[in-house]
Structures are given as structure tokens and as C-alpha cells.
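Presented below is the structure to which this report refers.
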Amino acid sequence: QVQLVETGGGLVQAGGSLRLSCQASGRTSSSFAMAWFRQAPEKAREFVGGIATRSGNPSYANSMKGRATVSRDNAKRTMYLHIDSMGPEDTAVYYCALRLPGLVSSFASDYAYWGQGTQVTVSS
């Protein structure tokens, strides 16, 4: 069984930056992919970005390129998300997800393991 715990989030001022962490624990292989999704009220869950443990190359949603950075620390089994220039449209619950094998997918249905989510609210 795999557990994912997100930390960070809360209230962010418009124009500011967001930093989230997600730590995986439990039984995982050496090769897996982790990703960030978010879900705004009355909207579908959307892919933000992800990274594979083996390649270390991040992937991003087109809408987040240039503003989001996904990184990981394999030794800590932790993934990070950094978003600059936060705006009201970034208000959402942010989720961490993990899938085996170690390929990033932008489809939420490809991920078997999910964190509990953390609320991020951008204040103007």
C-alpha cells in the first residue's frame, strides 16, 4: 500500500508563489511517477505537472509551462511543486498522485494512489 501526504498550501496572495510538497511512503518500486493535479469548485480535476523517479524529466500542462516547476528528491521520496505569479484562477484543491510504472500521465484515471488534497486559495 502507498500513502501520499501533501504539505503546504493555504492562503496565497495574488502575484505570490506557491510551494507544495508530497511525500510517498509504503511499498513502491524504484521506478514510479508522481504528479500534481488540481480541482477548482465545479470543475474537473486537471493535470498540473509530474515527474518520473527514473528520468527526472518533468512534464507540464501547456497552461502551466513557464510558471510551474515540478522537482523531486528520490532519497526522500518527495515531490515538490512551485508556481509563480499566482492568480485567482489557481484557487483549487491540489492533489498529489502516484502511478506505477514510472511514466507520467496527464490522465487522472491512470493514477492508483492519491493524497488527501490541500486547499490553496489565492487572495486578491
Side-chain angles (χ1 to χ4, degrees):
Q1 189 72 328
V2 175
Q3 294 81 40
L4 301 174
V5 177
E6 302 109 336
T7 54
L11 193 62
V12 180
Q13 290 228 336
S17 298
L18 171 71
R19 181 173 172 88
L20 301 177
S21 301
C22 174
Q23 185 171 39
S25 61
R27 300 183 66 180
T28 63
S29 70
S30 61
S31 175
F32 55 88
M34 297 177 75
W36 291 100
F37 287 79
R38 66 184 183 181
Q39 188 164 18
E42 301 181 359
K43 291 191 176 181
R45 192 167 296 191
E46 65 172 356
F47 174 73
V48 175
I51 193 164
T53 55
R54 186 159 287 180
S55 71
N57 295 322
S59 301
Y60 301 98
N62 287 335
S63 61
M64 301 304 297
K65 287 180 180 177
R67 202 161 64 89
T69 302
V70 177
S71 58
R72 92 286 193 244
D73 183 331
N74 285 350
K76 296 181 179 179
R77 292 204 289 180
T78 299
M79 173 180 64
Y80 305 95
L81 173 66
H82 184 96
I83 302 178
D84 290 320
S85 303
M86 294 283 285
E89 68 278 6
D90 295 312
T91 293
V93 177
Y94 284 71
Y95 295 92
C96 170
L98 184 149
R99 73 183 295 248
L100 305 168
L103 298 175
V104 176
S105 169
S106 61
F107 296 99
S109 58
D110 287 338
Y111 293 81
Y113 304 100
W114 290 84
Q116 79 285 358
T118 183
Q119 175 69 48
V120 174
T121 302
V122 181
S123 63
S124 55

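Just so you know, residue 1 is the first one in the sequence shown, and it goes up from there.
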| remark: So side-chain hydrogen bond (donor to acceptor under 3.5 Å, both in side chains) across residues 4-15, not counting sequence neighbours, yields E6-Q116
| request: Identify, with sequence neighbours excluded, every residue that meets side-chain contact (heavy atoms from CB on, under 4.5 Å) alongside E46. | output: R38
| said: Applying side-chain contact (heavy atoms from CB on, under 4.5 Å), can you list everything that pairs with S71, at least two apart in sequence or on another chain? | reply: Y80
| query | What pairs of residues pass the disulfide (SG to SG under 2.5 Å) test when at least one of them lies in residues 37-78, not counting sequence neighbours? | reply | none
| Under 3.5 Å, is there a donor-acceptor pair between the side chain of R54 and the main chain of S31? | no
| query | Can you name the side-chain contact (heavy atoms from CB on, under 4.5 Å) partners of V120, sequence neighbours left out? | reply | V12, L18, L20, M86, Y94
| message | Count I, L, V, M, F, W, Y as connected when their side-chain heavy atoms are under 4.5 Å apart, and connections chain through other members. Are Y113 and W36 then in the same cluster? | response | yes
| query | Is it the case that one hydrophobic cluster holds both M34 and L100, taking links as side-chain heavy atoms less than 4.5 Å apart, direct or via other members? | reply | yes
| Gap separating the CG atom of L81 from the OG1 atom of T69, nearest 0.5 angstrom | 8.0 Å
| request: Can you see which heavy atom on S124 is nearest to which on A14, and at what distance? | output: CA-CB, 4.0 Å
| task | Quick one: closest heavy-atom pair of S105 and D110, and the distance? | result | OG-OD2, 2.5 Å
| message | Donor-acceptor check, side chain of T53 to backbone of F32, threshold 3.5 angstrom: yes or no? | response | yes
| message | With salt bridge (charged side-chain N to carboxylate O under 4.0 Å, His left out) as the rule and sequence neighbours excluded, what pairs involving residues 69-83 come up? | response | none
| message | According to side-chain contact (heavy atoms from CB on, under 4.5 Å), who are the partners of L11, at least two apart in sequence or on a separate chain? | response | T121, S123
| note | For residues 85-124, the disulfide (SG to SG under 2.5 Å) pairs (sequence neighbours left out) are C22-C96
| message | Can you list everything that forms a side-chain hydrogen bond (donor to acceptor under 3.5 Å, both in side chains) with K43? Sequence neighbours excluded, please. | response | none
| ILVMFWY cluster membership beyond V93 - transitive side-chain contacts under 4.5 angstrom | F37, F47, Y95, V104, Y111, W114
| remark: What one should report as the nearest heavy-atom pair of L98 and A24 is CD1-CB, 4.1 Å
| Under the salt bridge (charged side-chain N to carboxylate O under 4.0 Å, His left out) rule, what pairs show up with a residue in residues 16-36, not counting sequence neighbours? | none
| field | R67: salt bridge (charged side-chain N to carboxylate O under 4.0 Å, His left out) partners, not counting sequence neighbours | value | D90
